Amino acid sequence: MEILFLGTGTSNGVPQLCCNCDVCSSTDTRDKRLRASALITIDGKNILIDCGPDFRQQMLTHQITSLSAILLTHEHYDHVAGLDDVRSYRAVDVFAEERVDHTLIKTMHYSFAANKYPGTPELKLHEIVENVPFEAAGVEVMPLRAMHAQLPILGFRIGNMAYITDFKTLPEATLSQLEGLDLLVMGTLRFKPHFSHLMVEEALTLINRLAPKQTYFTHMSHDMGLHELVEKKLPPDVRLAYDGLKIKL
Ligand SMILES: [Zn+2]
Ligand SMILES: [Zn+2]
């Protein structure tokens, strides 16, 4: 299994529009963060986690010409705004919770109409339920509950890798499913607290408890700081992901 980080930024991306802070004006390519998304490749099949507004650019950059499945964590625009561009691929299986499916049917009604407008994306929606494993492109995936403040969303465990972003708290049932990980990818916004996202200190507490072999942060804001300096403050088994990073498991 291989994971490719297509984007590691929060909803604004980094640089953030209209900002000229040190991070937004950094020349380090690791400080350029598209909206968070990852591509998991197993046995030649590509499984995309989230499909944000930078999807088209991410697919062009990495020359991804096939997609077997898309897993959606939740319906916020930075995680689904790229779905219209899926029209360039063949019919794709999309796995999401019932609420997310309903949102997509409303916002992308033209894709789900009885008489579809030709050329619209072919999204085959599959409803998934927390803690009930499902198969995506022949791969077993475990959907895990995470709380984005009051909004229940999903993280995913595939083998010994888990990808879980945009959360503030995790229920016990999820914590027990996150044991024995080789790789934990975790949304961690910045050092300062935020009402709906994890901050670094909270992330480190969680890592202590879960003890994954390696953790990478994603979904970072410009407030996280410069990639090079922040990594020096973190334990060696906790790193910041960056756009284009590939990890083989
Ligand atoms: Zn987000
Ligand atoms: Zn900035």
Side-chain angles (χ1 to χ4, degrees), residues 3 5-40 48-58 70-85 94-97 99-101 103-104 107 143-156 162-170 174 184-200 202-203 206 215-231 240-243 245:
I3 175 167
F5 288 88
L6 299 167
T8 57
T10 188
S11 51
N12 286 297
V14 183
Q16 184 173 313
L17 291 176
C18 310
C19 183
N20 61 358
C21 76
D22 283 356
V23 177
C24 289
S25 48
S26 164
T27 53
D28 186 339
T29 53
R30 296 171 303 174
D31 290 317
K32 312 276 178 223
R33 303 187 186 280
L34 297 176
R35 267 59 70 89
S37 172
L39 190 77
I40 311 289
L48 182 74
I49 304 182
D50 285 333
C51 187
D54 297 317
F55 168 76
R56 179 175 176 277
Q57 189 182 340
Q58 290 160 335
I70 300 176
L71 317 182
L72 297 175
T73 58
H74 62 304
E75 68 275 41
H76 284 166
Y77 234 53
D78 56 323
H79 298 259
V80 301
L83 284 170
D84 189 69
D85 288 319
V94 176
F95 297 85
E97 289 192 272
R99 184 196 70 235
V100 178
D101 287 347
T103 305
L104 296 178
T107 55
L144 301 169
R145 174 61 71 222
M147 293 304 296
H148 192 15
Q150 302 304 315
L151 184 72
I153 68 163
L154 291 177
F156 301 103
Y163 184 101
I164 189 154
T165 185
D166 290 60
F167 71 95
K168 183 71 177 173
T169 56
L170 299 175
T174 295
L184 172 60
V185 179
M186 191 156 65
T188 305
L189 191 71
R190 61 190 188 192
F191 284 85
K192 280 187 297 180
H194 188 278
F195 80 102
S196 65
H197 288 276
L198 214 59
M199 63 191 273
V200 172
E202 292 165 330
L206 207 48
T215 302
Y216 277 88
F217 292 161
T218 187
H219 207 287
M220 288 169 272
S221 142
H222 65 162
D223 291 326
M224 178 63 98
L226 292 164
H227 188 105
E228 192 180 1
L229 300 182
V230 174
E231 280 212 322
L240 304 188
Y242 55 88
D243 293 16
L245 170 68

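Everything numeric here is computed off the predicted structure, so don't read it as measured data. Counting starts at 1 for both ligands and their atoms, following the listed order.
Protein N/O/S atoms closer than 2.8 Å to the Zn ion (ligand 1): D78 OD2, H79 NE2, D166 OD2, H219 NE2. Within the protein, the N, O or S atoms lying under 2.8 Å from the Zn ion (ligand 2) are C19 SG, C21 SG, C24 SG, H222 ND1.
T174 and R145 share no donor-acceptor pair across their side chains, judged by distance under 3.5 Å alone.
Looking at E97, its side chain never comes within 3.5 Å of a backbone N or O of H74 through a donor-acceptor pair. At distances below 3.5 Å, at least one donor-acceptor pair connects side-chain atoms of K32 with backbone N or O atoms of S26. Judged by distance alone, with hydrogens and angles left aside, the side-chain atoms of D50 form no donor-acceptor pair with the main-chain N or O of A36 at under 3.5 Å.
The CG atom of L34 sits 7.5 Å away from the OG1 atom of T8 when rounded to the nearest 0.5 Å.
K168 pairs in a side chain to side chain donor-acceptor pair (under 3.5 Å) with only one of the listed residues (E202, H197, Q150), which is E202.
Remark: F191 engages V200, M224, V230, K233 in a side chain to side chain contact (heavy atoms under 4.5 Å, CB included) (not counting sequence neighbours). E75 pairs by the side chain to side chain contact (heavy atoms under 4.5 Å, CB included) definition with R99, V100, T103, L151, not counting sequence neighbours.
By the 30° and 60° cut-offs, the orientation of the rings of H79 relative to H219 is parallel.
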